Amino acid sequence: MFERKPRSEYEAALLSKGKRTMPSGPRNPTRSPDYAMIVKRAHGSRIEDCSGNEYIDYLLGSGPMLLGHAHPAVVAAVRAALDDGSAYLLAGEACIELAEKMVQAVPCADKVYFQSTGTEATFFALRLARAFRKRDKILKFEGGYHGMHDYALVSTQWTWTPADFPAPVANTAGIPRSVLEEVLVAPFNDIETTAAIVEGHADELAAVIVEPMQRTIPPRPGFLQDLRELTRRLEIPLIFDEVVTGFRLAYGGAQEYYGVVPDLCALGKSISGGHPIGVLCGRDEIMDCAGPAKLMRGEGVLLSGTYSGNPISAVAALAVMQELAAPGVYEQLFARGRRLMDGLAAVCADLGVAAVVSGEPPAFDVWFTAGELGDFRDMLRADGKRQGRFAELLMDRGVIKAHEKFFVSTAHSDQDIETTIDAARSAMQALIEAEA
Ligand SMILES: Cc1ncc(COP(=O)(O)O)c(C=O)c1O
């Protein structure tokens, strides 16, 4: 039985040092300072803090550790590569091989361009689309998250007071008003409202960007297909943000899993086993806007970065892709994720707790709501306080998760899943008792 050890003096000292030197302090797995921790190490499905607590980890670095932490094949590949230098600016052998493998894996990819983060990948995807379409506005979906740049941090999951569609809401200070004027917002999973907005602004729109599974809300049957048909008819590039879903829902990402191919897509996280990467992929016609012919005429799009195509991230990604391509990997990942989703749903049903376990087996969460979870406003209606408290009670029982997600890895064993379901039952009981 897991018993959370009290915070050690050493960890407490690290936390206060971090608070002094970083504006928002060290990142906390929950919203309560009581659960703040400093990581000592992580292996496989486990993460350990500096007080000697070892948790089953469903935070997984916010997704990248699809194979679990410190996977031996990835560590070996990276270790070997370090002897040959870690930044060239110029492309190395691994970068060329990775680009080819990406083109083979990702349905929309005729060409790829590497960056270091998912934020850069969505940012460059939007720039490319604007240059291609020679228009400025973009449409995104309320509650969707595309990283930290100015176009992205608008009407995301941190929108407590939504505006009427299609008006955007800035989620941070510091976004220029001129950027907000270029962002339109539509409701996810509502093709009628989306179509009305897109058709009304078709002459101004450079792109529509969407998380094919928005946070943990899967697309309703037909939604992505209809969005594809709408954007194709109006010749507006459709961008899938696959930073979470890429290589996680399937080897070919959500576009393979849901069977809808966008014009461009942004990838990151799961590809490279925890080594910084972003990948922008897409159709030749659009990607070639960053090619030499257009650049020479002064019409091209500049995409560059010191760490783009970084050789260490590239060898890590090749190692991850090799593991993921082995037979049965996704079947096992989905079976374990499904078992956990079903187990959590059974816990809620047995204890009479109104909740929806929403998402796909490799990434999902428990939302405390009696209704359906079809869009961001349904999420807002769910009991976020309960969701946060449930996460803390899980930590008391040796399980750590992301704020609004369980990420499952190939390193989670059947035993991990069963232990987690038992912890969830006990946490849910404690939650009910505390509220009584
Ligand atoms: C869907 C999605 N897009 C983009 C990003 C940004 O990626 P990064 O944090 O690597 O910049 C994230 C990060 O959580 C994400 O979930």
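Counting starts at 1 for both ligands and their atoms, in listed order. Since this is a predicted model, take the numbers as computed values, not measurements.
- In this structure, Glu11 contributes its side chain and Arg7 its backbone to no donor-acceptor pair below 3.5 Å.
- Using a 4.0 Å cut-off between charged side-chain N and carboxylate O, Arg377 and Glu142 make a salt bridge.
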Are there any protein N or O atoms under 3.5 Å from the N or O atoms of ligand 1? List them with distances, or say none.
from	atom 1	to	atom 2	distance (Å)
ligand 1	3 (N)	Tyr145	O	3.4
ligand 1	3 (N)	Asp241	OD1	3.2
ligand 1	3 (N)	Asp241	OD2	2.7
ligand 1	10 (O)	Gly118	N	2.9
ligand 1	11 (O)	Gly118	N	3.4
ligand 1	11 (O)	Thr119	N	2.8
ligand 1	11 (O)	Thr119	OG1	2.6
ligand 1	14 (O)	Lys269	NZ	2.7
ligand 1	16 (O)	Arg215	NH2	2.9

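- Scored by the salt bridge (Lys or Arg N to Asp or Glu O under 4.0 Å) test, Asp416 finds Arg46 as partners (sequence neighbours excluded).
- Interatomic distance, Leu126 CG to Asp136 CG, rounded to the nearest 0.5 Å: 11.5 Å.
- Here the NZ atom belonging to Lys140 is positioned 11.5 Å from the CG atom belonging to Leu184, to the nearest 0.5 angstrom.
- Salt bridge annotation for Asp263-Arg228: present, with a cationic side-chain nitrogen under 4.0 angstrom from a carboxylate oxygen.
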